[in-house]
Structures are given as C-alpha cells and as structure tokens.
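The sequence lines fix the lettering, A, B, ..., with proteins before strands; numbering per chain opens at 1.
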Amino acid sequence: MSINLQQLKQTQLSLANQVRLSDDFNELINFIGGTDVGFEDGGNITRAAIVVLSYPNFSVVEYHVARLKTEFPYIPGFLSFREYPALLAAWQQIKQKPDLLLVDGQGIAHPRRLGIASHLGLLLDMPTIGVAKKRLCGQYETLPKQAGNVTPLLDKKEQIGWVLQSKNNCNPLFISAGHRVSQTSALKWVNLCLRGYRLPEPTRWADAIASNKSLFKKLLNEK
DNA sequence: GCGACAG
DNA sequence: ATCTTGTCGC
C-alpha cells in the first residue's frame, strides 16, 4: 500500500473549505485544553497527550495519554494524518471537554490551510488554535527578542498567522487559527495562557505529560 | 533546477 | 519527533 499525496492534497483542500475562522465558542472560558504528540520505539508507536486545565488558574483538571501503532510517516504538510489517530484516542477518554483547545503545530498556517490544529478542530468540532515552535510556510519580519513582540505571518499578501515572541531571548512561536476561532482571538488566547514560559500553559503541560518531564513528576507527587 | 520543510 | 551532557547567556 502506498500513499497517494495528490489524493490527500485534495482531501485537505476539501476539509480546509469547512474550516471557519470566526469566533464560535463561549467567551467565558472555564476549561482550556492542550495537546502534544511524541514517538516511541523509533517512531513505531505514536504517543498523544491531552490535558485539560481550569481557567484562569491553570490547575490540571484531567489528562490522558494514548499510545497507538504509527501508521503514517512524517511528511511536511501532511503531519495531521500521522498524528490525529492517537489524538482522537486520547480525546475519547477526556470527560471534561475544554472550551478551547491549543494544538501543537500549525492551524491554517499551512500550504493548503489545513495544519493539524485545523484538521483536529474539524474532526472534533472544537474551537482550536495552532501553536507551533517552527514555521512551516509563510514569511515574516524579524522581530525584537523581547517578550510581547508580534508580527504577522504572511503568505503572499494573506495573513495566515502570527509570529509571537512569547519570552525574552527565545525563539518565537507561530500562532494561527485552527477552527472556529478568529486570528485575533488565537493570538489573544495564547497570550492569556502565557505564564513566563515560552509555551502557553496548556501546551507546556501537555508536553510535560507526554514526555514525563519534571513538571509532570511534581504533579504526581502532590497526589 | 535548488532550497525549504509543523512533529 | 528522537538520540543526549555540559554549557553559555539572560
């Protein structure tokens, strides 16, 4: 069985047509989620973590990790086909569904406007925001290394996201709307989830849980 | 043709 | 993403 990228591109274009970039979620956020995906056994196992935090105090309410056999290779521009199955498995276990979900990776800042945040948002019919550590496409002006600076991420003349200096002297974050969230709100909510670290709290916790980092170990000791 | 390329 | 210790800078 081989992968037909031309076919998948058509699928992405069709799905991208269904993405909505107007705010369609309750402005009163009580729970906010974060996702992260990692791999084990040389990539044979995909590990997805989803965490739900209370807002605005950011305490961990619930989290789940799902491990599935990896069925798709990593191909730039087709990341979601590799990662969404495990994310869906983790999502099914979440009881307290969040009001908003921050996804690791791009939203519409994608060649065909369907990064994993947008794709997952459609599959879950959830408001999502893409939070990526690297750029996939688009161009932007160099910005000062001081936290708080922002510049548009552009593809030709179209704004596909934002480049945000989330912390001093760190590499910037690439923020873009996923689904049911406007570009303006995407940036706004990521900023509201920043607590002195490069990554917004939901993403930071999902990353810690997925990789069993010290932040997560401390949480386990408290229980 | 050449380089870029989320996780 | 992942393999991995110390180390430079804020």
Please check if the side chain of A:R180 supplies one atom and the backbone of A:D24 the other of a donor-acceptor pair under 3.5 Å.
yes
Establish, from distance only, whether the side-chain atoms of A:T46 and A:T70 form a donor-acceptor pair under 3.5 Å.
yes
Name the orientation class of the two ring planes belonging to A:H119 and A:F81 (parallel below 30°, tilted from 30 to 60°, perpendicular beyond 60°).
perpendicular
Residue A:E27 excluded, over 12 heavy atoms near CD under 6.0 Å:
yes
Among residues 138-157 of chain A, which residues get a heavy atom nearer than 4.0 Å to DNA chain B?
none
Using distance alone, with no hydrogens and no angle criterion, decide if A:N57 and A:S54 have a side-chain donor and acceptor under 3.5 Å apart.
yes
Looking at A:D104 and A:K133, is any side-chain nitrogen of the basic one under 4.0 Å from a carboxylate oxygen of the acidic one?
no
DNA chain B contacts made by residues 161-184 of chain A, counting heavy atoms under 4.0 Å:
none
For a 4.5 angstrom cut-off between non-hydrogen side-chain atoms, does A:V131 reach A:Q106?
no
Assess A:R112 against A:F78: is NZ or CZ under 6.0 Å from the centre of the six-membered ring, and within 45 degrees of the ring's axis?
yes
Does the protein touch nucleotides 2-7 of chain B at the base, only the backbone, or not at all? Give it as B, S and - per nucleotide, heavy atoms under 4.0 Å.
--SBBB
Can we say A:K69 and A:E40 salt-bridge, meaning some charged N sits less than 4.0 Å from an Asp/Glu carboxylate O?
no
Between which nucleotides of DNA chain C, 5' to 3', does chain A make heavy-atom contacts below 4.0 Å?
C:dA1 to C:dC10
Hey, are A:R47 and A:D36 close enough for a salt bridge, meaning a charged N less than 4.0 Å from a carboxylate O?
no
Heavy-atom distance under 4.5 Å between the side chains of A:I108 and A:Q183, does that happen here?
yes
Based on Watson-Crick and G-U pairs with both distances under 3.5 Å, what dot-bracket line describes DNA chain C 5' to 3', crossing pairs as [ ] and inter-strand pairs as |?
..........
Please determine, by modelled atom types, if A:D23 and A:S185 share a side-chain donor-acceptor pair under 3.5 angstrom.
yes
Taking ring pair (Phe, Tyr, Trp, His ring centres under 6.0 Å) as the cut-off, I'd like each qualifying pair that reaches into residues 148-184 of chain A, sequence neighbours left out, listed once.
A:Y140-A:F174
Is A:R204 positioned over the aromatic face of A:F58, cation under 6.0 angstrom from the ring centre and no more than 45 degrees off axis?
no
